[in-house]
Peer 1: 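For reference, the structure I am asking about is given below.
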Amino acid sequence: MRPTSIAFNSSLHMVRVVFNFRSIIHMLLLNKLNTDRFRPVSWRHMVCSWDVFFQKRIFAHPRPFEGFLLRTVFFSRITSGRECNFRFLTRVNFNGSQITRCDISIGRRVPFCGGRLVFLNTRRTTFPFAFLAMSLEYTEIPVLDWTLAKRDAPAFISQLRNAMINVGFLYLSNHPVPMDLVNHVIDLTPKFFTLPQKVKNSVDMSLSPHFHGYLRVGGEARDGHPDTREQFNFGGDRVCRYVEGQPEYLKLHGNAPWPEDAALPGFRQTMLEFYKCLEDLSWEFTGYVSQALGLEAHELYSLFDSDRSKLQPRCKLMSYPPSPPGTTGIGSGIGPHPDKSILTYLLQASEQRVLEVQNHSGDWVPVPPIEGTFVINLGRALETATQKITKATIHRVLSPVKDPRYSIAFFSSLGMDIRIAEVKFEFPQEVLDMKKARDERTGDKTEFKYRDSDYRKAGEVVLDEKIKTHPMATLQFYPALFDKFFPNGLPAHLVAH
Ligand SMILES: O=C(O)CCC(=O)C(=O)O
Ligand SMILES: [Fe+2]
């Protein structure tokens with residue numbers, strides 16, 4: 001337990017001696033109290049443990065500073081880039097020499113971003129008082145104004161770069177999709193999900209070779225855990241390009257099964273109009289994303305097929321049923337995941353604050369609905385194309401407590417003929433430096449590596465995923481692949497269905 005691993009300023013040498021002595025006493029106490037949770041494994045952890053313990057005691061007191069004469073506060077920087085067993089002191093407001101508020105939270109294993117020890121020099125002694133975790137992490141999602149892109153493109157691009165490299169999520173306000181149309185979509189989405197089950201079943205995904213259509217609650221699973229949401233999946237109006245002898249993934253494109261117009265007047269037309277607007281917005285936005293990465297505006301379009309009419313981004317309406325507190329069996333709406341897309345555009349169509357993203361410290365940051373915005377997040381395809389300059393930020397949706405929660409997502413994805421490992425870009429040093437600074441701050445030392453699937457055509461990879469996730473449609477439309485992926489027939493839960 002020698003403190004040599006921490007670079008103390010020499011002027012704090014005396015402090016260190018006192019600190020060691022008191023720490024050890026407190027550690028002994030601490031170990032006695034709660035050995036499992038706080039047992040120190042290194043000097044660093046000993047400091048942390050001592051601190052948590054000490055602050056708990058101080059702040060439990062209604063007037064914590066009584067009896068102390070605060071003379072000096074010293075700071076000592078702790079080196080960054082290691083892993084810490086737990087995290088604490090999420091918020092400490094230092095107001096001059098007075099601490100005004102302190103929260104302690106003990107988290108799971110998270111990247112340790114660095115921090116400062118605060119030493120208080122009181123009339124009686126000098127002791128380490130607090131450890132300020134300097135996670136330097138975002139706690140809010142940035143809002144970018146689309147009109148800024150038109151007024152001052154360099155300013156917009158600079159904000160976008162920061163949001164892309166350091167956060168991976170952003171809101172886009174003042175976007176060009178007409179608000180009347182957005183409101184119509186918001187109005188129709190719950191109406192679709194409250195249609196009689198018979199109508200929804202008539203457009204079930206199992207009836208679509210393109211994996212479009214309706215999915216009931218639990219109809220899709222992530223890592224074996226079914227999502228608690230209903231969905232309606234569609235693309236634009238597209239003619240299926242598949243002909244005998246061509247790659248089977250060409251079957252992925254085509255029209256969705258839509259409900260009869262009489263069942264929900266205007267539904268199909270409105271959704272397709274919305275889809276078209278998002279196609280245009282995402283196309284234009286991609287040009288800015290390209291520039292934010294230090295590339296020419298057109299360069300990122302090489303992630304798509306050269307013929308734009310061959311693209312069919314996917315769109316889906318989602319309904320998350322409520323899960324009252326105490327209910328068992330229903331977990332989160334959708335568990336933590338990164339998106340596979342290049343970029344995802346999300347319209348939050350109801351008021352619940354259930355969407356959350358995980359920052360580099362492991363904290364869940366809320367992404368509350370903001371009227372008139374889209375939430376845009378960066379997916380795996382972009383992460384791979386940029387060799388991790390951008391990251392596919394993990395996010396999740398909690399089940400709402402009272403009413404259903406609705407959202408609409410538009411996924412802009414790789415062109416089907418693209419092998420992502422073959423697309424190479426030259427990023428400027430300025431952008432590489434920002435990535436390096438982020439990785440240093442967050443302690444991320446992982447090397448970028450292509451996955452096997454990155455060498456395959458994106459269409460093949462997507463088809464495999466769809467096949468694995470939707471055996472019913474596969475059985476119907478891809479019999480040969482069904483036999484390959486499900487040699488033992490339909491999974492048990494579907495036989496019962
Ligand atoms: O519904 C949402 O807010 C997010 C949905 C989502 O993350 C997804 O479908 O990948
Ligand atoms: Fe997602």
Side-chain angles (χ1 to χ4, degrees), residues 141 164 167-172 182 185-186 188-190 192-193 205 211-223 225-235 256 271 274-275 278 282 313-323 330-359 364-384 390-401 403-414 461-462 465-466 468-470:
I141 305 302
M164 283 169 50
V167 183
F169 259 78
L170 59 104
Y171 292 95
L172 190 67
V182 169
V185 167
I186 292 177
L188 283 168
T189 300
F192 170 81
F193 289 108
M205 190 179 279
F211 300 93
H212 291 318
Y214 170 73
L215 271 180
R216 67 196 155 78
V217 171
E220 201 168 60
R222 209 168 285 269
D223 303 329
H225 300 289
D227 294 341
T228 313
R229 60 176 180 176
E230 284 177 281
Q231 301 177 30
F232 179 73
N233 295 259
F234 62 100
M271 292 305 163
F274 180 72
Y275 179 92
L278 275 164
S282 72
R314 286 179 175 259
C315 196
K316 67 182 172 196
L317 316 181
M318 293 163 277
S319 163
Y320 297 80
S323 161
I330 301 182
S332 65
I334 172 171
H337 68 281
D339 284 353
K340 298 196 174 97
S341 57
I342 298 173
L343 291 154
T344 303
Y345 300 76
L346 183 84
L347 174 63
Q348 302 202 67
S350 42
E351 290 188 344
Q352 293 95 328
R353 301 161 64 98
V354 285
L355 174 63
E356 297 183 333
V357 312
Q358 195 169 38
N359 71 17
W364 286 103
V365 176
V367 189
I370 302 181
E371 208 185 323
T373 65
F374 286 112
V375 173
I376 302 182
N377 63 288
L378 281 44
R380 273 268 183 79
L382 194 64
E383 176 179 293
T384 308
T390 66
K391 281 198 179 173
T393 305
I394 305 281
H395 52 287
R396 69 181 179 188
V397 178
L398 305 174
S399 284
V401 173
D403 300 314
R405 186 263 189 171
Y406 301 104
S407 58
I408 297 107
F410 177 94
F411 300 97
S412 151
S413 302
L414 292 172
V461 178
V462 174
E465 279 159 11
K466 296 283 175 205
K468 282 185 220 152
T469 333
H470 304 293

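All ligand and atom numbering here is 1-based and tracks the order in the structure.
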Peer 1: Looking only at heavy atoms, is any part of Tyr406 under 4.0 Å from ligand 1, and if so is it the side chain, the backbone, or both, or is it neither?
Peer 2: neither

Peer 1: Just to the nearest 10 degrees, tell me the angle at the Fe ion (ligand 2) spanned by Asp339 OD1 and His395 NE2.
Peer 2: 90°

Peer 1: Taking both backbone and side-chain atoms of Arg405, is any N or O found less than 3.5 Å from an N or O belonging to ligand 1?
Peer 2: yes

Peer 1: Within a radius of less than 6.0 Å around CD of Glu351, do more than 12 heavy atoms belonging to other residues, nucleotides or ligands occur?
Peer 2: no

Peer 1: Would you mind finding which of His337, Gln231, Arg229 brings a heavy atom closest to atom 9 (O) of ligand 1?
Peer 2: Arg229

Peer 1: Side chains of Arg380 and Ser341: does their closest heavy-atom pair fall under 4.5 Å?
Peer 2: no

Peer 1: What atoms in ligand 1 come closer than 4.0 Å to a heavy atom of Tyr320?
Peer 2: 1 (O), 2 (C), 4 (C), 5 (C)

Peer 1: Spell out, as yes or no, whether a donor-acceptor pair under 3.5 Å connects the side chain of Tyr275 to the backbone of Pro313.
Peer 2: yes

Peer 1: Using a strict cut-off of 4.0 Å, indicate which atoms of ligand 1 neighbour a heavy atom of Met318.
Peer 2: 1 (O), 5 (C), 9 (O)

Peer 1: What are the atoms of ligand 1, with element, lying closer than 4.0 Å to any heavy atom of Leu346?
Peer 2: 2 (C), 3 (O), 4 (C)

Peer 1: Taking heavy atoms and a distance under 4.0 Å, where does Asp339 meet ligand 1: side chain, backbone, both or neither?
Peer 2: side chain

Peer 1: Record the part of Val375 in heavy-atom contact with ligand 1 below 4.0 Å; permitted values are side chain, backbone, both and neither.
Peer 2: neither

Peer 1: Could you work out, with side chain to side chain donor-acceptor pair (under 3.5 Å) as the rule, every residue matching Thr390, not counting sequence neighbours?
Peer 2: Thr386

Peer 1: Would you say Ile408 and Leu346 make side-chain contact, with heavy atoms under 4.5 Å?
Peer 2: no

Peer 1: Any side-chain heavy-atom pair from Thr469 and Phe211 closer than 4.5 angstrom?
Peer 2: no

Peer 1: Out of all atoms in ligand 1, which are within 4.0 Å of some heavy atom of His395? Include the element for each.
Peer 2: 7 (O)

Peer 1: Using a strict cut-off of 4.0 Å, indicate which atoms of ligand 1 neighbour a heavy atom of Val397.
Peer 2: 1 (O), 2 (C), 3 (O), 4 (C)

Peer 1: Relative to ligand 1, is Lys316 under 4.0 angstrom through side chain, backbone, both or neither, heavy atoms considered?
Peer 2: side chain

Peer 1: Side chains of His337 and His395: does their closest heavy-atom pair fall under 4.5 Å?
Peer 2: yes

Peer 1: So do the side chains of Tyr320 and Ser407 get within less than 4.5 Å of each other, counting heavy atoms only?
Peer 2: yes

Peer 1: Between Gln358 and Arg396, do the side chains contain a donor N or O and an acceptor N or O under 3.5 Å apart?
Peer 2: no

Peer 1: Applying a heavy-atom cut-off of 4.0 Å, say which part of Ser407 lies close to ligand 1: side chain, backbone, both or neither.
Peer 2: side chain

